[in-house]
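What follows is a short report on a single structure.
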Amino acid sequence: MAAERLLDQRGNSPRPRYTLVAILSGCAATAIVAGLIVVGSRRLSHFDAALVGYTFATLFATFGIVYRYTMWLHRPPTAMYWKRGWQVFLRPQALPRNVVLWFKRLVSVFLANSFIWKRSVLRGAAHWLIMWGCLIASGITFPLVFGWIHFEFANDGFDDYTASVFGFPLFSFGIDSFLGYLIFHGLVWASFLVIAGVMLAMRRRMRSRDALVLQRFGEDFLPLILLFAVSVTGLMLVVSYEWLNGYAYEFLSITHAVTVIGTLLWLPFGKFFHLFQRPAQLGVLFYKDAGARGEQARCARCEEPFASSMHIEDLIEVERQLGYRYEMNGSFTDHYQRICPRCRRVSLAIAQGRLWTAPAAHRNPTDVTHG
Amino acid sequence: MPVPHDYLFFIDPNRCIGCESCVQACSECDTHKGHSMIHLEFMNRRESPQSVPVVCMHCDSPTCAEVCPADAIKRTEDGVVQTARKPRCIACNNCVLACPFGVPKMNTREELMMKCDMCYDRTSEGKRPMCATVCPSQALFFGTQAEIDRLRPRSRAINDFQFGQQKIHTKVRMMVPHDAAIAHIDVVDAMCADMGEDDPMLSAAVCSLPIVSKT
């Protein structure tokens, strides 16, 4: 592929350098998370040693995610969008409007998944349920595992809990209060959301013909199976201690730990990585805004506007970095990128048609009919 | 299951009669149901009946996939360039603008790029793509090399295209005169000659008058 032929100005493959940067970035991020765990748990005084497996899986996931993200950012098109996205967002004259838009888009695009609902209600519902289930579960699990949140009895009694964040008391609530019930069953509610979403997604994967032909086990089924396993084993723990007097609790807790750790270890590799790629969509929206307000590129052939000039120039640079050579030296324009998509389609037909009407020198004189 | 390697896709725009059967049939394909991925261009309806069906050429080194910042476009081992993977596509429009054949479509409402995937649900089972199935003039033909050789003895298929300095090799083939002394179709060359008006009839058809698109 052209990208693999990409060389730096000295003619050396840049990949080892990128890899080193990615490894260092991953190590730095892992060290930061580890440091935050030590600080947030008050030198591990609130850290639950029983959860150390989760912690190490999270640290591994942190390294893997940052490593892959850094490698991803080094791809020429990604690097270009990353750079331009921040440039257009931080332009002083547009910054206030962009900040307001950012919040609006955060709600509509990410929290509400507006664009997925438009693809289909079933798909939207599945994604929305899974996403919110995972967000709630992550919001509860990670701070608890890291010792960032812990609960202590309040008022020298056993009726109230005080929740502390990073060692600082935040609020108190009655153990038997409705708020306490909601908090202590937070993972249960999250499991219900995830299981419902997984069922909808599985239904689509088993019935929809487009999914049937394109899906792959590792990419499409494994994430759903992992999420389902985490949710079900988590719920079984609750069932065990609520209604079965702790029957098989140890077995269930180990099973649950295996599923959670497996999911954490899988985060950097498979479909889950889109959680970290997807926010780039916001940068694209700001890039499009800036492009729409700026100068428009006109097709060198039909002279109709078809994209922003910024986009065309950036694409020419990206293609050059990727090793493509669409330059049109000595022609009516300097680069094929300046031809609009419609003229490209028509021009291909013209090129083919001209061959059939070519001068006799290029053709067998007896071959005058189209076979 | 991969697309059978002896089954090939052949395009001959000269045979297109503009009936739009391919456009309608395409939207019945299960991988993009309700959305037609075919561009049917009418060169100049006032002056000429010439129309052009455009499907994905499935490049060996697809520019659309290479310029995708989200790595959303994948090429299968059997050489079919798939439509954007939904969880990854960030609707940046890079692929739409970069494709040398002008194939990908941006579904703005759904913030998703969509393109012809050669009806992968059908071709991977040995069936013909929807468009080739319904095309009455066989401008879009899906079959073996032996079949096309037998049906069109005065034509031969070519799958190398030149765009400026860039050569693109494709899975889909285009029919050219059997005795045409060319190794590839030079799109830019033809475009330049066309704009140079060395062929008044074609020039008038595609340069002087506006192009009307049905897509």
Side-chain angles (χ1 to χ4, degrees), chain A residues 1-3 72 75 77-78 80-81 115 118-119 209-210 213-214 271 274 277-278 280-281 284 287 301-302 307 311-312 315 318-319 322 324-329 331-332 335-337 339 341-358 362-364 367 369-371, chain B residues 13-14 30-31 33 39 41 43 52 54 61 63 66-70 82 86-88 90-92 94 96-102 109-112 120-121 124 152-155 163-166 174 176-182 185-188 190-195 199 202 206 211 213:
Chain A
M1 301 293 256
W72 177 59
R75 294 183 67 243
T78 320
M80 179 64 82
Y81 258 116
F115 64 103
K118 289 173 187 169
R119 293 176 187 176
R209 285 183 56 83
D210 65 323
V213 70
L214 296 173
K271 196 172 196 171
H274 85 274
Q277 282 184 312
R278 198 75 213 183
Q281 189 176 3
V284 166
Y287 184 85
R301 184 173 173 276
C302 70
H311 201 166
I312 296 303
L315 211 42
V318 166
E319 287 176 355
L322 288 168
Y324 286 105
R325 294 289 173 262
Y326 284 110
E327 286 81 3
M328 295 166 53
N329 297 338
S331 186
F332 59 94
H335 202 279
Y336 188 68
Q337 198 58 60
I339 312 292
R342 184 184 295 172
C343 282
R344 294 176 199 177
R345 297 192 286 269
V346 170
S347 298
L348 177 64
I350 292 172
Q352 191 252 7
R354 290 177 73 87
L355 292 171
W356 287 100
T357 57
H362 295 286
R363 298 279 308 277
N364 182 339
D367 184 22
T369 53
H370 183 177
Chain B
N14 273 353
D30 277 316
T31 56
K33 197 136 188 147
H39 301 265
E41 300 290 352
M43 309 290 273
V52 186
V54 181
S61 178
T63 313
E66 295 276 8
V67 301
C68 176
Q82 298 287 349
K86 293 182 178 70
R88 290 192 179 184
I90 53 176
C92 68
N94 264 11
V96 174
L97 294 173
C99 172
F101 298 98
R109 181 174 171 271
E110 298 180 11
E111 295 190 37
L112 178 69
Y120 202 64
D121 58 323
S124 61
R152 304 187 195 173
R154 295 186 181 88
S155 302
F163 301 92
Q165 298 175 32
Q166 183 66 46
M174 186 162 272
V176 299
H178 196 277
D179 56 349
I182 57 162
I185 295 180
D186 194 325
V187 178
V188 169
M191 197 187 297
C192 295
D194 184 63
M195 292 184 77
D199 184 332
L202 269 177
V206 299
I211 297 159
S213 173

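These figures come from a predicted structure and were not determined experimentally. Below, chains carry the letters A, B, ... as their sequence lines are ordered, and counting in each starts from 1.
Between chain A and the residues B:Met174, B:Arg88, B:Lys86, the largest count of heavy-atom pairs under 4.5 Å involves B:Lys86. For the options B:Val187, B:Asn94, B:Ile185, heavy-atom pairs under 4.5 Å to chain A are most numerous at B:Asn94. Of the listed residues (B:Val52, B:Val176, B:Ile182), the one with the most heavy-atom contacts under 4.5 Å to chain A is B:Val176. Looking only at heavy-atom pairs under 4.5 Å with chain A, the residue among B:Ala190, B:Pro13, B:Pro69 that has the most is B:Pro69. Ranked by heavy-atom pairs under 4.5 Å with chain A, the first of B:Gln165, B:Lys33, B:Glu111 is B:Gln165.
The minimum heavy-atom distance between A:His335 and A:Tyr326, with the atom names listed, is CE1-CB, 3.4 Å.
Proximity to chain B (any heavy atom under 4.5 Å) is restricted, for A:Tyr81, to the side chain, taken from C-beta onward. Within the 4.5 angstrom heavy-atom criterion, atoms from both the backbone and the side chain of B:Leu97 approach chain A.
Side-chain atoms of B:Gln82 and B:Thr31, non-hydrogen and from C-beta on, never get closer than 4.5 Å to each other.
Without hydrogens or angle criteria, A:Arg75 side chain to B:Cys68 main chain gives a donor-acceptor distance under 3.5 Å. Of the possible donor and acceptor atoms, one in the side chain of A:Arg278 sits under 3.5 Å from a partner among the backbone N and O of B:Pro87.
Of the inter-residue distances, the one linking A:Gln352 atom CD with B:Asn14 atom CG reads 4.5 Å to the nearest 0.5 angstrom.
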